There are 2 protein chains.
Amino acid sequence: MLVNMTDRAPTRTAGRVRTYDALAIPLTDDVTETALRLMEAAADAFADKGFHATTTRDVASRAGLSPAGVYVHFASKEELLFSICMRGHTAARDMIVDAAAAADSPVDALAAIMTNFSRWHAEHYRVGRIVQYEFAHLTPAHREAVMGLRKEIDAQVRSVLLDGIGRGDFVIDDVPHTTLALMSLCIDVARWYQPGIKRTPAEIGETNGRLGLRLAGARWAAT
Amino acid sequence: MLVNMTDRAPTRTAGRVRTYDALAIPLTDDVTETALRLMEAAADAFADKGFHATTTRDVASRAGLSPAGVYVHFASKEELLFSICMRGHTAARDMIVDAAAAADSPVDALAAIMTNFSRWHAEHYRVGRIVQYEFAHLTPAHREAVMGLRKEIDAQVRSVLLDGIGRGDFVIDDVPHTTLALMSLCIDVARWYQPGIKRTPAEIGETNGRLGLRLAGARWAAT
DNA sequence: GCCATGACTAAGCGCTTGCTTAGTCTTTGA
DNA sequence: TCAAAGACTAAGCAAGCGCTTAGTCATGGC
């Protein structure tokens with residue numbers, strides 16, 4: 001991985017902080033309950049106010065700590081944002097890989113990806129907005145790490161499309177652009193979804209599953 | 001309109017500031033060159049750094065003024081953001097209304113809307129990002145004004161779809177959701193577009209025009 | 001039991017930020 | 001011509017902000 005959090009100067013907290021890998025994903029179950037609580041608090045505050053308008057005091061108090069307590073577990077406010085982005089993208093990547101692996105055909109795989117990814121963005125629209133809107137506040141190295149995961153997601157979807165084209169299930173002029181368009185349907189749910197609207201996340205997922213097949217020119221999608 | 005900038009307490013600058021209407025759109029050609037310059041500078045800075053991380057000093061210096069100079073023309077930093085959002089949305093609304101009016105059929109109207117709106121988001125991806133990502137920093141009243149324009153845009157697209165359904169040109173299960181999906185294709189271009197990529201804004205527009213007709217289940221779109 | 005480590009705190013640092021105030025200079029209108 | 005208005009400035013205010021430092025307390029290992 002591109003980033004190693006041991007870059008941080010050794011302090012009394014170095015041993016604990018180093019239990020994370022660069023993905024800020026727990027390697028084992030020994031991630032502290034406090035660090036998790038901080039990430040959740042930060043996600044909450046960032047979603048409410050945006051990254052820069054969120055103070056570390058706000059994050060700390062939401063997590064029930066003093067302001068300096070944040071720095072026991074994270075090197076900086078940006079590191080908190082990075083952790084949230086990496087967790088979100090890793091979850092999305094895994095979901096897409098699993099959906100594709102479980103499907104019997106490219107058509108099923110695409111429908112499952114669209115359905116699940118769209119539902120996820122509705123259910124997690126707040127994290128989805130953070131991940132999109134606050135991306136520019138990451139350090140260049142951290143942005144690169146996040147882009148790596150985005151590219152994996154893109155590549156997985158693209159390979160489903162190519163497989164479907166190969167089998168004659170999809171009719172697509174421009175695969176890269178169609179991939180982007182499919183991803184747009186899913187990702188943009190985070191922008192327009194809000195709790196209380198008539199459609200449930202599951203319904204949104206299903207509708208986008210069908211619409212995605214239309215975009216791919218799936219044979220039976222036009223009816 | 002919901003908001004009237006004359007709410008601001010009278011100062012020596014009240015006369016000048018009141019030449020804007022609540023849309024922050026120039027009513028006549030007497031908008032000052034300085035105010036325009038400030039809006040452009042703010043858009044630049046907001047796109048680079050985000051709203052909250054942008055200082056009024058930064059905006060002022062980009063516009064060639066002292067920090068206090070911003071307040072001669074705008075009541076607050078937020079008012080600058082509001083102006084930018086309203087100008088962007090008004091331009092988009094007008095573009096969509098014009099495209100629909102110039103078309104001979106719902107199919108042509110939808111293709112034109114998708115093509116032009118997508119191209120606009122590529123060409124103005126920085127303003128597009130500001131408008132999406134910084135929306136939450138507007139005051140509630142200003143957000144409501146912006147939402148009003150968004151609803152007009154949505155309604156225009158929806159009426160094209162309904163017209164097409166009525167003529168048998170489109171096959172759509174869920175009109176509101178399909179409207180959102182069509183808008184997602186266009187709006188999300190601002191997220192993924194960056195200068196230097198292979199596709200030009202015009203090409204992106206054309207491809208999205210075709211993909212939009214697929215989403216609408218246009219009869220010949222599947223071939 | 002003792003010492004080292006880790007989790008956490010209160011206090012504070014040095015700097016920044018949106019905005020205001022009191023002024024100067026230029027332009028406009030009577 | 002003169003006064004008022006408008007465009008703008010330099011200076012400053014009050015509050016805030018990410019982060020550091022020096023300390024306390026609890027836990028775990030020897």
Side-chain angles (χ1 to χ4, degrees), chain A residues 5-20 30-39 41-42 45-46 49-83 134 137-139 142, chain B residues 5-20 30-39 41-42 45-46 48-83 134 137-139:
Chain A
M5 283 170 76
T6 58
D7 287 341
R8 189 177 179 214
T11 67
R12 291 179 304 160
T13 60
R16 168 58 48 193
V17 174
R18 283 167 58 180
T19 59
Y20 295 91
D30 65 349
V31 58
T32 65
E33 186 260 331
T34 303
L36 272 179
R37 203 163 75 241
L38 277 168
M39 282 189 265
F46 295 159
K49 301 181 179 182
F51 174 74
H52 213 274
T54 293
T55 65
T56 53
R57 287 165 177 79
D58 185 0
V59 173
S61 70
R62 289 181 193 222
L65 296 183
S66 75
V70 176
Y71 297 93
V72 176
H73 300 269
F74 293 91
S76 63
K77 185 169 140 190
E78 186 273 338
E79 197 99 16
L80 264 170
L81 177 62
F82 178 57
S83 299
E134 312 297 342
H137 289 119
L138 296 174
T139 62
H142 284 169
Chain B
M5 284 170 73
T6 57
D7 287 341
R8 189 178 177 213
T11 67
R12 289 179 304 162
T13 60
R16 166 59 49 194
V17 174
R18 284 167 58 179
T19 58
Y20 296 91
D30 64 350
V31 59
T32 65
E33 185 261 330
T34 304
L36 271 180
R37 204 163 77 241
L38 277 168
M39 283 189 264
F46 294 159
D48 283 344
K49 302 183 179 180
F51 174 75
H52 211 272
T54 292
T55 65
T56 54
R57 286 164 179 80
D58 186 0
V59 173
S61 70
R62 288 180 194 224
L65 296 182
S66 75
V70 176
Y71 297 92
V72 176
H73 300 268
F74 292 91
S76 64
K77 188 168 133 189
E78 186 273 336
E79 197 97 18
L80 264 170
L81 177 62
F82 178 58
S83 299
E134 313 297 342
H137 288 118
L138 296 173
T139 63

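Not measured: the values here are computed from a predicted model. Throughout, protein chains are lettered first and strands after them, A, B, ... in sequence-line order, and every chain is numbered starting at 1.
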Point to revise | Point-to-point distance, once rounded to the nearest 0.5 Å, from CZ of B:Phe82 to CG of B:Leu138 | key: 7.5 Å
**Study point:** Between D:dT20 (P) and A:Tyr71 (OH): distance, integer Å
**Key:** 7 Å
**Study point:** Test: B:Lys77 and B:Asp58 ion pair at under 4.0 Å
**Key:** no
Review point. Is it true that the side chains of A:His142 and A:Glu78 contain a donor and an acceptor less than 3.5 Å apart?
Key: yes
Practice item. Starting at atom CG of A:Leu80, determine the distance to atom C1' of D:dG18, rounded to an integer number of angstrom. Key: 12 Å
Practice item. Look at the side chain of A:Ala68 and decide which nucleotide, out of D:dT20, C:dC8, D:dC19, has an atom nearest to it. Key: D:dT20
Check your understanding: In whole angstroms, how far is the P atom of D:dG16 from the CG atom of A:Asp58?
Key -> 13 Å
Practice item. Taking only the side-chain nitrogens and oxygens of A:His73, find out if one of them lies under 4.0 Å from OP1 or OP2 of C:dC8. Key: yes
Practice item. Determine: side-chain N/O of A:Thr56 to OP1/OP2 of D:dG18, distance under 4.0 Å, yes or no. Key: yes
Check your understanding: Quick one: B:Phe74 CZ to D:dA7 C1', roughly how many Å, whole number?
Key -> 14 Å
Review point. Quick one: B:Leu38 CG to D:dA7 P, roughly how many Å, whole number?
Key: 12 Å
Practice item. Return the value, rounded to whole Å, for the distance between atom CD of B:Glu79 and atom C1' of C:dC19. Key: 14 Å
Review point. In whole angstrom, what separates A:Lys49's NZ from D:dG18's P?
Key: 10 Å
Practice item. Determine the contact category for A:Thr55: base if any of its heavy atoms lies under 4.0 Å from a base atom, sugar-phosphate if only primed atoms, P, OP1 or OP2 are that close, otherwise nothing. Key: sugar-phosphate
Check your understanding: Looking only at heavy atoms, what is the nearest atom pair of B:Ala60 and B:Pro67, with distance?
Key -> CB-CA, 3.6 Å
Practice item. Could you tell me whether the side chain of A:Arg57 has a donor or acceptor atom within less than 3.5 Å of a complementary atom in the base of D:dG18? Key: yes
Review point. Between B:His137 and A:Lys49, is there a donor-acceptor pair closer than 3.5 Å when you use the side chain of the first and the backbone of the second?
Key: yes
Practice item. Give the rounded distance in Å between these two atoms: CG of B:Leu65 and C1' of D:dA10. Key: 14 Å
Study note, to complete from the structure: Sorted by position of nearest nucleotide on DNA chain D, 5' first, the leading residue of B:His52 and B:Arg37 is B:Arg37
Practice item. Determine: side-chain N/O of A:Thr34 to OP1/OP2 of C:dC8, distance under 4.0 Å, yes or no. Key: yes
